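Naming convention: chains lettered A, B, ... in sequence-line order (proteins, then strands); numbering from 1 in each chain. Note that this is a predicted model, so its numbers are computed, not measured.
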Protein chains: 2
Amino acid sequence: MGKAQEPVSSVENAGGGRAADDLFRHYAEMITSGVLGEGDPLPPEREIVETHGVSRTVVREAVLALANKGLVDARPRFRPVVRKPSFDTAFETVDNVVARLLIQPGGVKNLFDTRIMIEAALVRQAATDAKKDDIAALKTALEANKAAIEDSELFYRTDTGFHAVLYQMPRNPILPAVHKAYTTWLAPQWSKMPRLPDRNRANFEAHAEIYQGILMRDQDAAEAALRAHLANAWNQVRETFGDI
Amino acid sequence: MGKAQEPVSSVENAGGGRAADDLFRHYAEMITSGVLGEGDPLPPEREIVETHGVSRTVVREAVLALANKGLVDARPRFRPVVRKPSFDTAFETVDNVVARLLIQPGGVKNLFDTRIMIEAALVRQAATDAKKDDIAALKTALEANKAAIEDSELFYRTDTGFHAVLYQMPRNPILPAVHKAYTTWLAPQWSKMPRLPDRNRANFEAHAEIYQGILMRDQDAAEAALRAHLANAWNQVRETFGDI
DNA sequence: TTTGATGTTTGGTCATACCAAAGCAGGTTT
DNA sequence: AAACCTGCTTTGGTATGACCAAACATCAAA
């Protein structure tokens, strides 16, 4: 074959985009439309080269893009497999950008404010909608939290666990993913803070108050307790890091 | 120089990862830490080849990854420039994954439910915190909405505009980005629905009710109006698309 | 000073080659 | 027959080298 440059690609090239982009869109479409389902492997790179009439460079860049966007899972020497879509992976793929946004002035505060807003909404909802099982799960988490007051490491995990229950209650898969994102992105601040049994005890008391509000079906009380709890947490952050 | 395979890279290779990944992390770190600021161009590919002792293949894959993750903006024949980080770009980069999640059963419903939760929280907050300017902005948006009742196309935009004001009021840059994400991802359903002046009028009335609740500093009324409004919107979606 | 021709830079693509590890097939040992 | 080597094949990762087209820089001509 000649040198190059004749647009041999069989993929849509109308957009005038780069060949790699077109190939990316081609497979992204195959995946989104379900032609390629979860767990299905992509064809070998050399096969795509033939079927699409492009160089391996282009194929690799396209596959790379699919992997970077979280559509496929590419491990060395294995065919890339279509990834199970989840909101968790969605948050993972933006980790780098978010990291940049958080180091900016007010970045962490902005994120934390949305957390307050969402958790306030969650506890209000819990106060009206919580089923018996939900209350039980919350109580279990609360008791685990209480038992961990002397062990700051364990307390941190049970603390997270208590809040996690709130995110699970609406049974909306988006919410636990949001919670995971919060804990991941706010961890740098949170984990570096001094943790003492006294602090733990105060936080446990706050959790208990939230639980009580939900148990009593008192939306306003539950929300107030939660806002006080998170506002206090933020103050602790500010004491440790100053204005960020 | 010999054939290949001696790990010449000056970037950290300790992780055992691929050279391209290491290079990606290298520049991602430079960007996140601010060594490379917004608008700064990356070195030419051929220069990176020399400074890091890797092939251009590797360099290209790394740069590709940076572009895919939204860290740099790469246009053909231009040096990639460090992109201004924003929550909007964060949402854009997950567009493909989210598209897959939304076509799944209950996907749109889950997303819409979170929207209800957030907007309910927003109007409650607005009812207590809204400043004079905020109220004015909301009123302006409401009047524009009213004036567009006969023009369904324009009504859709002013409708979105009214809700947008709610997201702007807390002055948290994350929230408008969230709103934009909602409108983008829910647009396929929303834009295909039959739009009639009668429907528009009903929606306007709902907006007016929300506005009134905020104006009267009545959290519960504002929230109730909003929930009724969005629940009604969802019913319209279901009438059009059935169970999705 | 403006305009134009020209060589240079730079990202995009192609082609080829080699490596290392994973998979596979067939034969050997126990 | 089951477990264990052994060597060939597959497949992604990397390295080179080359060429194109558009953007850019430079400098001579008008």
Atom pair OH/CG of Y27(A) and L66(A) - distance to nearest 0.5 Å: 9.0 Å
Nucleotide dT13(C), atom P - distance to CG of L23(A) in whole Å: 10 Å
R46(B) side-chain proximity, nearest of dA15(D), dG12(C), dT14(D): dG12(C)
Euclidean distance, atom CD of residue E61(B) to atom P of dG12(D) [Å, nearest integer]: 12 Å
Contact list for DNA chain C against residues 64-72 of chain A - heavy-atom distance below 4.0 Å: none
Side-chain H-bond candidate by donor/acceptor type, T114(A) with N172(B), under 3.5 Å: no
Donor/acceptor link under 3.5 angstrom from R56(B) side chain onto base of dG17(D): no
Any donor-acceptor N/O pair, R171(B) side chain to M169(B) backbone, under 3.5 Å: yes
Nucleotide dT10(C), atom P - distance to CG of D73(B) in whole Å: 18 Å
Nearest-nucleotide pick for V54(B), side chain only, options being dT13(C), dA15(D), dT14(D): dA15(D)
CA sep, side-chain torsions, deciding dist, call: K192(B), E239(B), salt bridge (charged side-chain N to carboxylate O under 4.0 Å, His left out): CA-CA 12 Å; K192(B) 280 185 210 153; E239(B) 283 171 19; over 6 Å; no
Sequence neighbours excluded and cut-off under 3.5 Å, please list the side-chain donor-acceptor pairs for residues 30-49 of chain B, or say none.
unit_1: T32(B); atom_1: OG1; unit_2: A28(B); atom_2: O; d: 2.8
unit_1: S33(B); atom_1: OG; unit_2: E29(B); atom_2: O; d: 2.9
unit_1: S33(B); atom_1: OG; unit_2: M30(B); atom_2: O; d: 3.3
unit_1: D40(B); atom_1: OD2; unit_2: G37(B); atom_2: N; d: 2.8
unit_1: E45(B); atom_1: OE1; unit_2: R56(B); atom_2: NE; d: 3.0
unit_1: E45(B); atom_1: OE1; unit_2: R56(B); atom_2: NH2; d: 3.1

Minimum-distance nucleotide (side-chain atoms of E45(B) versus dG12(C), dG12(D), dT13(C)): dG12(C)
Under-4.0 Å side-chain N/O to phosphate OP1/OP2 contact, R77(A) with dT11(D): no
Side-chain N,O (S55(B)) to OP1/OP2 (dT14(D)) below 4.0 Å: no
N/O donor-acceptor pair under 3.5 Å between S191(A) side chain and A187(A) backbone: yes
Degree of bending in the helix from dT1(C)-dA30(D) to dT30(C)-dA1(D) once both end axes are built from five pairs, to 10°: 10°
Sugar-phosphate only, base, or nothing, as touched by R79(A) at under 4.0 Å among non-hydrogen atoms: sugar-phosphate
R18(A), nearest nucleotide to its side chain (from dT13(C), dT10(C), dT11(D)): dT13(C)
Check: K131(A) main-chain N/O paired with D134(A) side-chain donor or acceptor under 3.5 Å: yes
Nearest-Å distance for atom pair CG/C1', residues D21(A) and dT13(C): 13 Å
Integer-rounded Å distance: dC14(C) P and H52(A) NE2: 13 Å
H179(B) ring center within less than 6.0 Å of F91(B) ring center: no
Whole angstrom value for the distance that separates P of dA15(D) from CZ of R60(A): 11 Å
Closest contact, heavy atoms only, D21(A) versus R18(A): OD2-NH2, 2.8 Å
R25(A)/D22(A) salt bridge by N-O under 4.0 Å criterion: yes
Sugar-phosphate only, base, or nothing, as touched by A20(A) at under 4.0 Å among non-hydrogen atoms: sugar-phosphate
d(CZ, F78(A); C1', dC24(C)) in whole Å: 14 Å
Residue whose nearest DNA chain C nucleotide is more 5′ - T57(B) or L42(B): L42(B)
Value in whole Å for how far the P atom of dG11(C) lies from CZ of R75(B): 12 Å
